[in-house]
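Some notes on the structure that comes next.
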Amino acid sequence: MLIDEILGWIKLNLKDLIQIVLFPGIAFILIFAVAATWFERKYLAHSMLRIGPLHTGRVAGWLQIIADFIKLTGKEVITPRNVNVFLFNLLPVLSVCTSAIAVAFIPFSSDWIIYEGNGISLLLFFAAASLTPYITLMLGWISNNKYSIIGAMRVSYVYISAEIPAFLAAMGVAIMAGSFSLIDIVEAQSRIPFLIPQILGFIVFFIAFLAEVERVPFDIPVAEQEIVAGWRTEYSGINFGVTMMMDYIPLCTWTLLFVTLYLGGYQGPLIFASQTLSNFFWILLKFSLVIVVILLFRSVFPRLRMDQTLRLTWKYLTPAAFLNLIITAIIAYYYPDLFGLIGAS
Amino acid sequence: MSVIRFLRGIIKPYIIVFKHAISKPHTIKYPYERLMFSDGYRGRISLRFEKCIGCGLCSRTCPNRAIEMVEIEGEKHSFPQINFGRCSFCCLCVDVCPRGALFSDEVVELSVIKRDDLIYHPYKLSNPQPLESILKDLKKTITVQIEDGRLSYTLLRRREENV
Ligand code: SF4
Ligand code: SF4
């Protein structure tokens, strides 16, 4: 009886379950985190003319990440004195969950999205993605360590100062598409990706989202040379492994949003028989290209100082994003036909 | 102008690093591959036992007093014994030897577990261990060449030892 009911329920919700568990849900994010860790090591090694991981696993040391993971699970989890043990162990897991939620609003095809968000999925994305820094802040605070608290403070500084220009730049896109729904935004880019009409917003958003995902040159919160490992200093063993994943999950979600907003998301010529499959192909291709571009920054650019980052975001990015927003709004109000020319509403 | 300079400062290093990322690495997989150095490389010192006349010049010229002349039973004269723990690989002993009995090769894998093992008796000196038996995993040797002032690695088979 019960089994029949469960099977019936599964059959009814099969598509949702696949989306949540496999693609673009949990499995996709975890595989991305593992693959990106491996790829970053190998890729950075090659960019420094080294070889990188080699021994574990036949092809290019791909098992090295699995080996590291097993090593981390085998290590002792040390909890510092005078911390709240429950929260200390809960927060890393919680931070991974909250940062992974944001992927639910990204359309991978016009009918392949975990939650459509009643036409405000862009706002929901920002709401979900902004939860992560709070948890990081708590995580640093609770560690009872001066490096952790400095790292956590830096997270909040960088995040707040980068979130505003990113949001303002994304609003330009929303005005052009005439909707907050990410599906509508992608559909509006069927002729030209918003990269071209929104070039100023594109640049602002790109720099700002690098800061939000703590990539070089904005990896100030975890600057190894200054504050050990930033907010994750006190974590050890598998907790450390989970916090390391936190490097890659926001990278995944924000890059997907970037691709969706400016590079036409899943739009692309039909290459497989199925429309959905070819949509998957295009969004994953664009996603991988952006990731390849971003990961290389780590071996090219030095880290910006805190004050340089704040000056860049508040003094240059925010006004530029406002300018972009105002220009877009004026054109949208007075010359709405111009948008029609490029296919947007 | 300054904007263009600023953008160039961002884009140029990026392109250089990207070119590196898709080019061949400069490092090699050491225990499996090994760089073979040029002919005059000063590495391990070995002895041609039958050529030595026991003059002791090598022992006298050695700046680190790494060479000691030792008697061997059944031989008429003494032979050099080198302590590689003291040797600085200056090859003065090679240069000074009147019979050309000492020579150096490109083997640098001399590490041992006990310090005493670094003292090479004349017999051991005259039977240098081949590279293949020191690096058991060695699959490929790579010869270094300098072309147009740039270091380049040419994949060649290991040169024949001219002993
Ligand atoms: S190479 Fe130089 S230091 Fe070494 S044994 Fe010969 S003379 Fe002495
Ligand atoms: S190795 Fe050469 S220099 Fe040394 S004792 Fe023999 S002949 Fe003389």
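Quick note: numbers below take in every heavy atom, side chains included, and nothing from hydrogens, waters or symmetry partners.
- Within a 6.0 Å sphere centred on OH of B:Tyr30, heavy atoms belonging to other residues, nucleotides or ligands number more than 12.
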Criterion side chain to side chain contact (heavy atoms under 4.5 Å, CB included) on B:Ile10 and A:Phe301, from CA distance to verdict: CA-CA 8 Å; B:Ile10 289 178; A:Phe301 299 122; 3.7 Å; yes
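- No more than 12 heavy atoms of other residues, nucleotides or ligands shown are found within 6.0 angstrom of CZ on A:Phe69.
- For the residue pair B:Tyr14 and A:Leu296, the shortest heavy atom distance occurs at OH-CB, 3.6 Å.
- With a 6.0 Å radius and a threshold of 12 heavy atoms from other residues, nucleotides or ligands, A:Tyr157 has its OH atom at or below the threshold.
- Applying the 6.0 Å contact sphere to CZ of B:Phe84 captures more than 12 heavy atoms from other residues, nucleotides or ligands.
- Of the atoms belonging to A:Ile51, heavy atoms from both backbone and side chain fall under 4.5 Å from chain B.
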